[in-house]
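Here the structure is laid out as structure tokens; the discussion comes afterwards.
No hydrogens, no waters, no symmetry mates; every other heavy atom, side chains included, goes into these values. Within every chain, numbering begins at 1; the chains are lettered A, B, ... in the order of the sequence lines, protein sequences first and strands thereafter.
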Amino acid sequence: MRKLGREFYLLDTVEVAQRLLGKILVHCTDQGVVSGRIVETEAYLRDDPACHASRGMTRRNKAMFGDPGHAYVYTTHGNRCCLNVVTQPQGIPEAVLIRALIPLEGIEIMQVNRGRSCLEDLCSGPAKLTQALGITLDLNEEDLLGDRLFVVDDGTQVETIVSKPRIGIRVATDKLWRFYPAELTRWVSKR
DNA sequence: ACATCGATCTACT
DNA sequence: GTAGATCGATGTA
């Protein structure tokens, strides 16, 4: 069990997205530790029209321009929010969206947070997992090498990585930058 | 100051 | 498969 270091987030952003599969996202909350295994990610690159930062820095996306290994949390459609990990050195706005987890620790907390009991419906979507883990805007720009929110490697390897177009975007649909392990499709947001 | 639109989710048909 | 919720961020003036 090893927390990912800063150097991990300096790798090529597509490689970070692929290598995050199988790692464990951990949030230490007041109610207890909540964690899940990452099984779906999407890469967003600086010159990519689908990337929030492709048209310059705004108040919302400024975390993407910051140091690697920090969180970029944004809100969309009212109440919902999504979690990214920032990659690349300061000034280069790239990030990986975490889209799905397999629940591990704190499952009862997740069930309360989500108002759902079915395990497959707790974290199978970017806004579902933030609700389940209790991740909100106050974790925007949080250092992922700190003690509240981080990613650990327990040595688990995924077998075959599937590459697909990203979900919910209307541009750059030719880029196959959505990734999930072929053997774990029951836990992802869509097939 | 105002209009538009989401890197979504749920419920319903 | 499709519609409605929901509100802050963003762009335009």
From A:C123 SG over to A:N113 CG, what is the distance, rounded to the nearest 0.5 angstrom?
10.0 Å
Centre-to-centre under 6.0 Å for A:H52 and A:Y44, is that the case here?
no
Note: chain A reaches DNA chain C at heavy-atom distances under 4.0 Å over the stretch, first to last nt, 5' to 3', of C:dT6 to C:dT10
Mind checking if [X] touches a base, just sugar-phosphate, or nothing, with heavy atoms under 4.0 Å?
X	answer
A:L97	base
A:R178	nothing
A:A127	sugar-phosphate
A:R55	nothing

Nucleotide interval of DNA chain B bounded by contacts with chain A (heavy-atom cut-off, under 4.0 Å)
B:dG6 to B:dA11
Any luck finding a side-chain donor-acceptor pair between A:S124 and A:S189 under 3.5 Å?
no
Within the 3.5 Å criterion, strictly below it, is a donor on A:E7 or A:Y9 matched to an acceptor on the partner's side chain?
no
Looking only at heavy atoms, which two atoms of A:A100 and A:L129 are closest? And how far apart?
N-CD2, 3.5 Å
Is a salt bridge present between [X] and [Y], judged by a nitrogen-to-oxygen distance below 4.0 Å?
X	Y	answer
A:R37	A:D154	yes
A:D48	A:R166	yes
A:R2	A:D153	no

Under 3.5 Å for both donor-acceptor distances, Watson-Crick or wobble: does B:dA7 have a partner, and if so which one?
none
Of A:R80 and A:L137, whose nearest nucleotide on DNA chain C comes first from the 5' end?
A:R80
Closest-nucleotide ordering on DNA chain B, the 5'-leading residue of A:R170 and A:K128
A:R170
